[in-house]
Amino acid sequence: MFFMLDPKFIRNNLEAVEAMLRARNTSLDLEEFRRLDQQRRELLTRVEGLKNQRNTCSDEIARLKREKGDASQQIAAMRQVSQEIKKLDAEVAEIDSRLTALIYMIPNMPHESVPPGAGEDDNPVVKTWGERPAMAFTPKPHWELGEQLGILDFERGAKITGARFTLYRGAGARLERALINFMLDLHTGEHGYTEVLPPFIVNRTTMTGTGQLPKFADDLFKLEGLDYYLIPTAEVPVTNIYQNEILEAHELPVYFAAYTPCFRKEAGSYGKDTRGLIRQHQFNKVELVKFAAPDNSYEELEKLLANAEEVLRRLGLPYQVVNLCSGDLGFSASKTYDIEVWLPGQGVYREISSCSNFEDFQARRANIRYRPKEGGKTRYVHTLNGSGLAIGRTLVAILENYQQADGSVVIPEVLRPYMGGLEVIS
RNA sequence: GGAGAGGUGGCCGAGUCGGCUGAAGGCGCUCGCCUGCUAAGCGAGUGAGUGGGGAAACCUGCUCCGAGGGUUCGAAUCCCUCCCUCUCCGCCA
């Protein structure tokens, strides 16, 4: 049986959990949890008593048989007991599955440093970096630039597949690939991450481990006739690398960097960001994933954020960092920083990275533990992840921030070696 | 896709005609002894989950031998379904 929040924690902190649900604008009644949990414990006491009786008596029967004695009386008695056990076991299983379904719907507890708030307008900006480029002309949105330069073909993307799919060509395709390589090289070469290339299709258990299922099934592409799904982010396969494993304390923290495409249905965002690359059903991302000991996971979150920020600094892209408030925090996260990059073509800051500490929420579901140095019981690790960064949106930011009056786009210096020396796309 | 073999504790590896095996034996690891140091040697300990008792050391119930069902008083051991691994054949980037 998997849980997200510890059922014991819920049991002992019902008021706190209910307060958390309100802060997250979630309507969920814990009365049923209280009732089922109580019932389950009562049943368990009874059925375990009976099992104990059966075990003891089975030994007795075995002994009698060995000594050629008569055990028919005990066998008859145990037949009754076994019937009863079977019945009670079924009742427990029924309650368990209802309880699990319920607990799976409860989001994570926010960290104490998460500000209260109703939604994204209440997220405090904790940092801004870089100079917004001064332009003596009216900056264009990236879709215009991309089409005029012949590097982004939205129409043909839509023809090949449908809306929210894009065909990159020439320098556009290469720029996308350059960004992937640049980011991976930076994180593996300078930030201590190990590169992994995971499967892009995962099974149900894996999706459940990181919290995408059962709650967010609507946003996932599922393969027909199979219990397999296209990943919506590398977080899913990479976090599940250690699913059902026990790590040694000296192995922590573990840092992974992974490039993968990401597939999202974007259900419920029909009117939003219909133009351009901002919201696609398929996009590329370099993801950073960490497994850390609980006592320093928040330091690891700060480092993770700094690693993601470094990408934007080297690319010379202005950004701000916001601390997501309680009402905007994702389902599985205890704390999340969003990095938002400046897009002059649209005159807004747009999310380009999301760095989160999930504490033991995912680890509990995916059953990822470690053995503490000082010995004693195994504990759940803390998992963290962050985009480092979303590739498509980075390309958008480059086009819009580095555009020239004539519609050409200068390539940031750090990318030129990856572009075969190309300095300007024109 | 076809034929066969197999999935046991951190690892390797026993489990007889179903009962005394949560699991022999070995390796590894931990602690202690021994040793000038190292190696070797000797002794003890060493799975996980969940519940009860105790201030604690610790004692104790239940569950777990790929997963899920079934047979049985009782299953790692028998039956069924599924998953995975390996070998051979076919097909294929």
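Quick note: numbers below take in every heavy atom, side chains included, and nothing from hydrogens, waters or symmetry partners. So that the names make sense, note that chain A is the first sequence line, chain B the second, and so on, each numbered from 1.
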Provide the Watson-Crick or G-U wobble partner of [N], both distances under 3.5 Å; none if there is no partner.
| N | value |
| --- | --- |
| B:U77 | none |
| B:C65 | none |
| B:G43 | B:C31 |
| B:C20 | none |
| B:C91 | none |
| B:G6 | B:C84 |
| B:G51 | B:U60 |

Could you work out the separation of [N] and [M] based on their [atom1] atoms and round it to a whole Å?
| N | M | atom1 | answer |
| --- | --- | --- | --- |
| B:A75 | B:C80 | C1' | 15 Å |
| B:G6 | B:A24 | P | 23 Å |
| B:G2 | B:C64 | P | 34 Å |
| B:A23 | B:C33 | C1' | 30 Å |
| B:G28 | B:A39 | P | 12 Å |
| B:A76 | B:G13 | C1' | 15 Å |
| B:C83 | B:G43 | C1' | 45 Å |

In terms of side-chain geometry, is the basic nitrogen of A:Asp153 or A:Lys159 positioned less than 4.0 Å from the acidic oxygen of its partner?
no
Can a salt bridge be assigned to the pair A:Glu190 and A:Arg314 using a cut-off of 4.0 Å between side-chain N and carboxylate O?
yes
Check whether any side-chain N or O of A:Lys8 sits under 4.0 Å from OP1 or OP2 of B:G51, and answer yes or no.
yes
Decide if atom CZ of A:Phe216 counts as having more than 12 heavy atoms of other residues, nucleotides or ligands within a radius under 6.0 Å.
yes
5′-ward residue of the pair A:Ala62/A:Arg11 relative to RNA chain B:
A:Ala62
Heavy-atom nearest nucleotide on RNA chain B for A:Arg79 versus A:Leu44: which residue maps closer to 5'?
A:Leu44
Start with the C-alpha distance between A:Asp6 and A:Tyr380, add both sets of side-chain angles, then the distance that settles side-chain hydrogen bond (donor to acceptor under 3.5 Å, both in side chains), and finish with yes or no.
CA-CA 11 Å; A:Asp6 186 352; A:Tyr380 290 107; over 6 Å; no
By side chain to side chain contact (heavy atoms under 4.5 Å, CB included), which residues pair with A:Glu351, not counting sequence neighbours?
A:Asp338, A:Ser354, A:Arg393
Which pairs pass ring pair (Phe, Tyr, Trp, His ring centres under 6.0 Å) with one or both residues in residues 286-308 of chain A, sequence neighbours excluded?
A:His111-A:Tyr298, A:Tyr242-A:Phe291
Any pair counted as ring pair (Phe, Tyr, Trp, His ring centres under 6.0 Å), so long as it reaches residues 142-182 of chain A, sequence neighbours left out:
A:Phe165-A:His281
Under 3.5 Å, which protein N or O atoms sit close to an N or O of nucleotides 91-93 of chain B? Give each pair with its distance.
none

Output all residues satisfying side-chain hydrogen bond (donor to acceptor under 3.5 Å, both in side chains) with A:Glu31, sequence neighbours left out; order by chain, then residue number.
A:Arg34
Nearest atoms (heavy-atom pairs only) where A:Arg54 meets A:Val81
CB-CG1, 4.5 Å
Extract from the structure each pairing of a protein N or O with an N or O of nucleotides 62-68 of chain B at less than 3.5 Å, listing the distance.
unit_1	atom_1	unit_2	atom_2	d
B:C62	OP1	A:Asn52	ND2	2.8
B:C62	OP1	A:Asn55	ND2	3.1
B:U63	OP2	A:Asn55	ND2	3.3

State which of B:C73, B:C20, B:G49 makes the closest approach to the side chain of A:Thr378.
B:G49
When you compare the side chains of A:Glu302 and A:Tyr337, does any donor N or O come within less than 3.5 Å of an acceptor on the partner?
yes
Between A:Asn284 and A:Glu176: side-chain donor-acceptor atoms closer than 3.5 Å:
yes
For [X], what residues pass the ring pair (Phe, Tyr, Trp, His ring centres under 6.0 Å) criterion, not counting sequence neighbours?
| X | value |
| --- | --- |
| A:Phe200 | none |
| A:Tyr255 | A:Tyr193 |
| A:His382 | none |
| A:Phe358 | none |

Output one line per pair: protein atom, nucleotide atom from nucleotides 69-71 of chain B, and distance, for all N/O pairs under 3.5 Å.
unit_1	atom_1	unit_2	atom_2	d
B:U71	OP2	A:Lys86	NZ	3.1

Whole angstrom value for the distance that separates P of B:G47 from CZ of A:Arg369:
14 Å
Hey, does A:Arg66 reach any base, or is it just sugar-phosphate, or nothing, if we go heavy atoms under 4.0 Å?
base
Distances under 3.5 Å between nitrogen or oxygen atoms of protein and nucleotides 10-18 of chain B:
none

